[in-house]
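One structure below.
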Amino acid sequence: SQTIHQWPATLVQPVGSPLSLECTVEGTSNPNLYWYRQAAGRGLQLLFYSVGIGQISSEVPQNLSASRPQDRQFILSSKKLLLSDSGFYLCAWSRPMNTEAFFGQGTRLTVV
Amino acid sequence: AQSVTQLGSHVSVSEGALVLLRCNYSSSVPPYLFWYVQYPNQGLQLLLKYTTGATLVKGINGFEAEFKKSETSFHLTKPSAHMSDAAEYFCAVSGANFGNEKLTFGTGTRLTIIP
């Protein structure tokens, strides 16, 4: 069976510090990978998606970047966090050409 | 392009009463439609989905939804609410063809169950 791991579960970081959130998928190969951000009252906003190693598409301009160094690893990064980067970040995967997404448990990021 | 509108950011129902959460979508291609549930500080869990075929879709935990193309709607219902149904619910849409697999979510509806 397939599983998705996302860590850490919670994170408190000062403004201007770097960020690295990691997501890995097990039990499948060549998944589509996604990073979403959830802000209160605003639903889920797609930040990045990837259909393969090194292939990253950005949905919205922002202070964040994503990388996919391995087939089943997806990393969300920032060089300098802003207060507005606070939120609940969710990683998800789907099978190629399949729309059903499976979500990780999320990371609650608070920038102080 | 796709979009989703969920009417009512907060819905309260009494335990045992009917649950109705509304979702309307817009899509330039034939849609696939989803309902997800989120419990506090957790990820999203798929409740049900419509892709093709029967327009009345049954999901987990007694929920069902009906795809109505003429009304561009995909409302979620459950005949009798249970305390454990208290959560946030998200409707989502994607395109039913290659290149349109990304999910677009609504802003969510928080369901409260009154004892």
Side-chain angles (χ1 to χ4, degrees), chain A residues 2-11 21 23-25 30-52 55-60 66 74 86-110, chain B residues 1-11 21-25 27 29-52 57 59-60 67 74 87-110:
Chain A
Q2 300 83 24
T3 57
I4 178 169
H5 302 281
Q6 185 181 344
W7 68 93
T10 59
L11 190 61
L21 302 181
C23 172
T24 59
V25 181
N30 195 31
N32 291 343
L33 296 171
Y34 309 86
W35 278 111
Y36 286 88
R37 177 167 59 200
Q38 186 177 13
R42 296 182 61 184
L44 280 78
Q45 180 184 36
L46 180 61
L47 302 176
F48 301 95
Y49 73 95
S50 171
V51 298
Q55 300 179 60
I56 310 293
S57 296
S58 175
E59 291 294 295
V60 292
F74 205 25
S86 294
F88 193 53
Y89 289 82
L90 289 157
C91 182
W93 73 274
S94 68
R95 295 180 178 85
M97 293 183 281
N98 191 306
T99 57
E100 181 178 345
F102 301 90
F103 285 81
Q105 292 298 294
T107 296
R108 173 76 58 191
L109 172 66
T110 303
Chain B
Q2 290 91 30
S3 67
V4 174
T5 301
Q6 290 185 241
L7 296 176
S9 59
H10 292 85
V11 171
L21 304 183
R22 299 178 185 275
C23 172
N24 288 88
Y25 71 91
S27 179
V29 298
Y32 286 170
L33 294 158
F34 304 81
W35 276 99
Y36 283 85
V37 60
Q38 184 182 33
Y39 298 99
N41 293 311
Q42 293 189 24
L44 275 69
Q45 179 184 7
L46 182 69
L47 273 179
L48 48 79
K49 63 180 178 181
Y50 167 80
T51 53
T52 58
V57 179
I60 61 172
F67 169 58
F74 192 56
E88 190 153 20
Y89 293 79
F90 292 92
C91 182
V93 63
S94 71
N97 58 332
F98 179 67
N100 285 287
E101 305 96 331
K102 293 175 290 180
L103 287 170
T104 299
F105 286 85
T107 53
T109 297
R110 184 168 301 278

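Below, each value reflects all heavy atoms present in this structure, side chains not excepted, and no hydrogens, waters or symmetry copies.
Within the 4.5 angstrom heavy-atom criterion, atoms from both the backbone and the side chain of A:Leu44 approach chain B. With a 4.5 angstrom heavy-atom cutoff, B:Gln38 touches chain A only via side-chain atoms.
Nearest heavy-atom pair, A:Glu100 versus B:Phe34, reported as atom, atom and distance to 0.1 Å: CA-CE2, 3.8 Å. What you find for B:Leu103 and A:Ala101 is that their closest heavy atoms are CD1-CB, 3.6 Å.
Using modelled atom types, no side-chain atom of A:Tyr34 and backbone atom of B:Lys102 make a donor-acceptor pair closer than 3.5 Å.
To the nearest 0.5 angstrom, A:Phe103 atom CZ is 9.5 Å from B:Leu46 atom CG.
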| request: I would like to know whether B:Leu44 and A:Tyr36 meet side chain to side chain contact (heavy atoms under 4.5 Å, CB included); could you show each step before the answer? | output: CA-CA 11 Å; B:Leu44 275 69; A:Tyr36 286 88; over 6 Å; no
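Around the CZ atom of A:Arg108, the shell of radius 6.0 Å holds more than 12 heavy atoms that belong to other residues, nucleotides or ligands.
Counting heavy-atom pairs closer than 4.5 Å to chain B, the top residue among A:Gln105, A:Gln6, A:Gln45 is A:Gln105.
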